[in-house]
Enquirer: 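Let me begin by handing over the structure; questions about it come next.
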Amino acid sequence: MGEPVDDHKAHARRRPHLLRRTTAGLLSAAALGSLTTRPAHASDDPVIGGDCAGASSWVTVCRQEPGTGSGQSQGDTASNGKGTGKGKGTDKARPETCAVERLDPQPPASDPVWKGHKPGDGAIYARICLSQALGAAVGTVTPPQIFWAAAAPAVNVDPEQLAREAVDRMLLTGPSIVSPRAAGKYTVGVPMWMWVNQTPTTYGPNTAFAGLAGVTVTATAKVSKIVWKLGDGESVTCNGPGTRYEASVGKQESPTCGHTYTRTSASQSGGKYAVTATATWTVDWQVAGGGGQAGQFTEVRQSQMQVAIGEVQVVG
């Protein structure tokens with residue numbers, strides 16, 4: 001006969017298998033999530049969550065410290081007035097995606113993970129987060145968190161976090177500046193009209209959906225204002241896209257969004273003023289069939305360009 005098997009050690013040896021199985025599921029979920037957005041169901045493995053200080057063993061929703069999550073960094077911008085980066089987000093970062101499952105078979109009663117409870121009094125669960133799964137994919141194995149719980153951990157979905165996930169899929173950018181033009185030449189004392197293109201990713205409206213555990217959120221984003229910093233120490237706030245200039249109006253000021261320079265850009269770097277257009281996107285979200293549950297938050301995106309301002313040329 002062979003040597004007797006210690007059930008506790010045998011169970012410990014099965015945990016790497018659980019890690020591999022759960023890792024595969026998480027990686028598959030991550031791959032699918034990058035391709036499509038669909039309502040999730042209560043039976044789905046992936047849940048929103050992560051390791052948060054002072055939180056319980058099976059956190060399903062947590063927030064990182066401001067400045068550490070997605071949407072917090074200033075994105076790149078293009079000199080042609082087409083913003084390419086995400087820009088500044090808000091203090092609410094995306095929580096980490098985790099999977100929680102009941103161990104099968106359950107550990108023996110002698111396993112300290114029971115913490116004094118007996119089999120049948122609650123159950124033992126394992127939790128692994130996407131960061132661990134990605135690490136395992138490249139050979140860095142972190143054991144899943146094993147814990148006792150009196151009942152199956154519930155998926156606690158924060159609908160605003162889902163709305164932020166939906167906004168991430170919109171690929172919002174800074175304003176697509178039509179005027180002023182980077183190649184244009186403008187004159188001191190002559191009103192300069194400013195306006196932007198209105199596309200789903202540069203101005204809105206833009207609508208996307210995100211779902212988890214039977215909760216589906218619809219988010220709609222649209223630019224509510226654009227703040228123009230003109231490089232001469234002045235700034236203009238426009239509450240719309242601006243008005244397109246027509247030659248028939250001559251030297252009139254724009255009725256909605258414009259600026260008049262009082263000195264040339266000759267003394268500036270490259271002989272041009274640096275212009276920044278910062279768009280505030282207002283996002284309205286609501287839960288489908290959520291009994292009126294809704295909310296609003298803002299995102300910021302930015303574009304940059306340069307504009308040359310010269311003197312009036314007198315011919316005589």
Side-chain angles (χ1 to χ4, degrees), residues 71-90 167 170-206 221-283 298-316:
Q72 299 299 317
S73 61
Q74 185 65 49
D76 296 332
T77 52
S79 59
N80 62 1
K82 295 179 180 179
T84 59
K86 280 193 173 182
K88 293 181 180 178
T90 61
V167 170
M170 295 178 188
L171 304 179
L172 306 179
T173 73
S176 173
I177 301 171
V178 180
S179 178
R181 295 179 295 113
K185 293 185 178 180
Y186 303 88
T187 306
V188 169
V190 178
M192 182 179 74
W193 290 39
M194 303 182 299
W195 72 93
V196 300
N197 281 319
Q198 299 180 66
T199 70
T201 57
T202 64
Y203 195 85
N206 196 325
K222 185 177 181 180
V223 171
S224 53
K225 69 176 181 179
I226 300 176
V227 177
W228 298 77
K229 292 188 177 180
L230 287 309
D232 60 349
E234 300 294 325
S235 65
V236 175
T237 298
C238 301
N239 295 317
T243 302
R244 184 177 294 273
Y245 176 79
E246 301 290 346
S248 60
V249 303
K251 295 184 179 180
Q252 296 181 33
E253 293 184 351
S254 168
T256 56
C257 188
H259 179 64
T260 301
Y261 283 96
T262 60
R263 57 184 184 274
T264 73
S265 58
S267 63
Q268 303 297 305
S269 176
K272 296 182 177 182
Y273 284 116
V275 176
T276 300
T278 303
T280 297
W281 289 80
T282 297
V283 180
T298 59
E299 297 274 338
V300 174
R301 303 291 188 269
Q302 188 180 89
S303 298
Q304 297 175 333
M305 65 168 299
Q306 294 181 318
V307 61
I309 306 296
E311 293 279 10
V312 174
Q313 298 297 315
V314 178
V315 178

Enquirer: How many angstroms lie between atom CH2 of Trp281 and atom CD1 of Ile226, to the nearest 0.5 angstrom?
Expert: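 Between atom CH2 of Trp281 and atom CD1 of Ile226 there are 9.0 Å.
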Enquirer: State which residues pass side chain to side chain donor-acceptor pair (under 3.5 Å) with Ser224; sequence neighbours excluded, sorted by chain then number.
Expert: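 Result, side chain to side chain donor-acceptor pair (under 3.5 Å) vs Ser224: Thr282.
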Enquirer: Taking all heavy atoms of Gly189 and all of Pro191, pick out the closest pair and write down the distance.
Expert: O-CD, 3.8 Å
Enquirer: Show me, pair by pair, the donor-acceptor contacts under 3.5 angstrom made by side chains of residues 270-279, not counting sequence neighbours?
Expert:
{"residue": "Lys272", "atom": "NZ", "partner": "Ala182", "partner atom": "O", "Å": "3.4"}
{"residue": "Tyr273", "atom": "OH", "partner": "Arg263", "partner atom": "O", "Å": "3.1"}
{"residue": "Tyr273", "atom": "OH", "partner": "Thr264", "partner atom": "O", "Å": "2.8"}
{"residue": "Thr278", "atom": "OG1", "partner": "Gln302", "partner atom": "NE2", "Å": "3.2"}

Enquirer: Enumerate the residue pairs fulfilling ring pair (Phe, Tyr, Trp, His ring centres under 6.0 Å) with a member in residues 221-257, sequence neighbours excluded, ordered by first and then second residue.
Expert: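 Residue pairs passing ring pair (Phe, Tyr, Trp, His ring centres under 6.0 Å), neighbours aside: Trp193-Tyr245.
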Enquirer: Using modelled atom types only, decide if a donor and an acceptor are shared between the side chain of Tyr203 and the backbone of Ser176 within a distance under 3.5 Å.
Expert: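 Between the backbone of Ser176 and the side chain of Tyr203 there is no qualifying donor-acceptor contact (under 3.5 Å).
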Enquirer: Which value, rounded to the nearest 0.5 Å, describes the distance between Thr280 atom OG1 and Lys222 atom NZ?
Expert: 14.5 Å
Enquirer: Would you mind listing every side-chain hydrogen bond (donor to acceptor under 3.5 Å, both in side chains) that reaches into residues 246-260, with sequence neighbours excluded?
Expert: Asp232-His259, Thr243-Thr256
Enquirer: Tell me if a side-chain donor or acceptor on Tyr261 pairs with a main-chain N or O of Met192 at a distance below 3.5 Å.
Expert: no
Enquirer: Please examine the side chains of Met194 and Leu230, heavy atoms only from C-beta on, and report whether any two atoms are closer than 4.5 Å.
Expert: yes
Enquirer: Among residues at least two apart in sequence or on other chains, which ones pass side chain to side chain donor-acceptor pair (under 3.5 Å) with Thr199?
Expert: Thr202
Enquirer: Sequence neighbours left out, what pairs pass disulfide bond (SG atoms under 2.5 Å apart) with at least one residue falling in residues 230-263?
Expert: Cys238-Cys257
Enquirer: Is there a donor-acceptor pair closer than 3.5 Å between any side-chain N or O of Ser265 and the backbone N or O of Ile309?
Expert: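 Confirmed, Ser265 side chain pairs with Ile309 backbone.
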Enquirer: So which heavy atom on Ser269 is nearest to which on Gln306, and how close?
Expert: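 Between these two residues, the closest heavy atoms are O-NE2, 4.4 Å.
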Enquirer: For Leu172 and Pro200, which heavy atoms make the closest approach, and how far apart are they?
Expert: CD2-O, 4.0 Å
Enquirer: Using every non-hydrogen atom in the two residues, find where Gly174 and Ser303 come nearest and quote the distance to one decimal.
Expert: C-OG, 3.2 Å
Enquirer: Kindly give the heavy-atom pair with the smallest separation between Met170 and Ala221, and that separation in Å.
Expert: SD-CB, 3.8 Å
Enquirer: Determine whether Thr173 and Leu171 make a side-chain contact, defined as any pair of heavy atoms from C-beta on separated by less than 4.5 Å.
Expert: no
